[in-house]
Every structure is written in C-alpha cells, then in structure tokens.
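Everything numeric in this text was worked out from a predicted model, so none of it was measured.
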Amino acid sequence: MGFLKNLLGLGIAAGTAYAAVKVAQKYNEKKKAEPDQNGDGTVDVNDTVYGVKDAAREVYEETAAKVREKAPEVREKAAAAAAAVQEKAPEFIEKVRGAAGEAWSALRGENFPAGEVELEDEPAEEPAEEHPDEPAGEPKE
C-alpha cells in the first residue's frame, strides 16, 4: 500500500508541476499580447494577479474538457482491468497458497499440502510454571 501511496503522491506532484507550467505559459502569452491585463489603464501588480487567475481558469477549463472527453475510454479500460483481475484472482490465490505452503514447509521442516496450511493455528506457548513454595516477585538465589 505504501508503494501505491507514493506513486499517487508522485503523480499528484507531477500533475501539479505540469499545471503550473501550463498556467505560466498562458500567462506569458497573454502578457505579451496585452500588458494591461485587467484593463485599468496601468500596468501594475494587479495585472499580474488578474493574468495568473485568468490563465489558471483557462487551463482548468481546457483540462476539464479533455477529462470529460477521455472519461468514457478510461472507464471502459478500468472496467476491463477489473474484470481481468476478478477472472485471474482464483489463480493468484492458489499460487499464493502454494508459495505459503512451501514457505511453511521450509520453516518447519514439514511437508504440508499447500491448500491445508493454516498459519493462524499455531499452538500457543505454555505459560511458565509457578512454584507455590516460592514467594512471587522475589529473585531466586
């Protein structure tokens, strides 16, 4: 699960960086075309804020349109992948059971069939015997 979490985090970071570059490109295009972005007659910091906000809105709208366009295709691929996983799951479970059986045999020096291995049925350790003639908590000499 940690690998997937890291992979997802990497994807989010890459997507964020890509979006920032796209916003910067849009802003530079708009700035070259019209330095006075907000139309107040002066070129100042408000133009930068307005230009970045406007560029971000355009990048978002373009990205949303692309996502809506690709969503059905991605949904179909995801459904096909889920069906393939569901179809192959019993085979993978049997492989895992076989590997678990082999590992169990190697650890215990015993030969168990893979399907009969129950890892949770290990015998519990016996509690240490207490001697009634010795007082509890005192060290032995």
Quick note, salt bridge (Lys or Arg N to Asp or Glu O under 4.0 Å) partners involving residues 15-28, not counting sequence neighbours, are K26-E58, K26-E62

Report task. Might you confirm whether atom CD of Q86 has over 12 heavy atoms from other residues, nucleotides or ligands at distances under 6.0 Å? Result -> no

OG1 (T48) and NZ (K53) are apart, to the nearest 0.5 Å, by 13.5 Å

>> Contact between F92 and V85 at the side-chain level, heavy atoms closer than 4.5 Å - yes or no?
In response: no

Here the gap from K77 atom NZ to K70 atom NZ, rounded to the nearest 0.5 Å, amounts to 7.5 Å

Report yes if the side chains of R57 and D54 come closer than 4.5 Å at any heavy-atom pair, otherwise no. yes

Sorted by chain and residue number, the side-chain contact (heavy atoms from CB on, under 4.5 Å) partners of Y50 (sequence neighbours excluded) come out as Q37, N38

Heavy atoms of Y27 and V52 approach each other most closely as CD1-N, 3.7 Å

Sequence neighbours excluded, the answer for side-chain contact (heavy atoms from CB on, under 4.5 Å) partners of T42 is D40, D44

>> Closer than 4.0 angstrom, basic N to acidic O: yes or no for E94 and R97?
In response: yes

In terms of heavy-atom contacts, V23 and A55 come closest through O-CB, 3.7 Å

Taken to the nearest 0.5 Å, the spacing of D47 CG from K30 NZ works out to 12.5 Å

message: With a 4.0 Å cut-off on N to O distance, would you call E91 and K95 a salt bridge?
response: yes

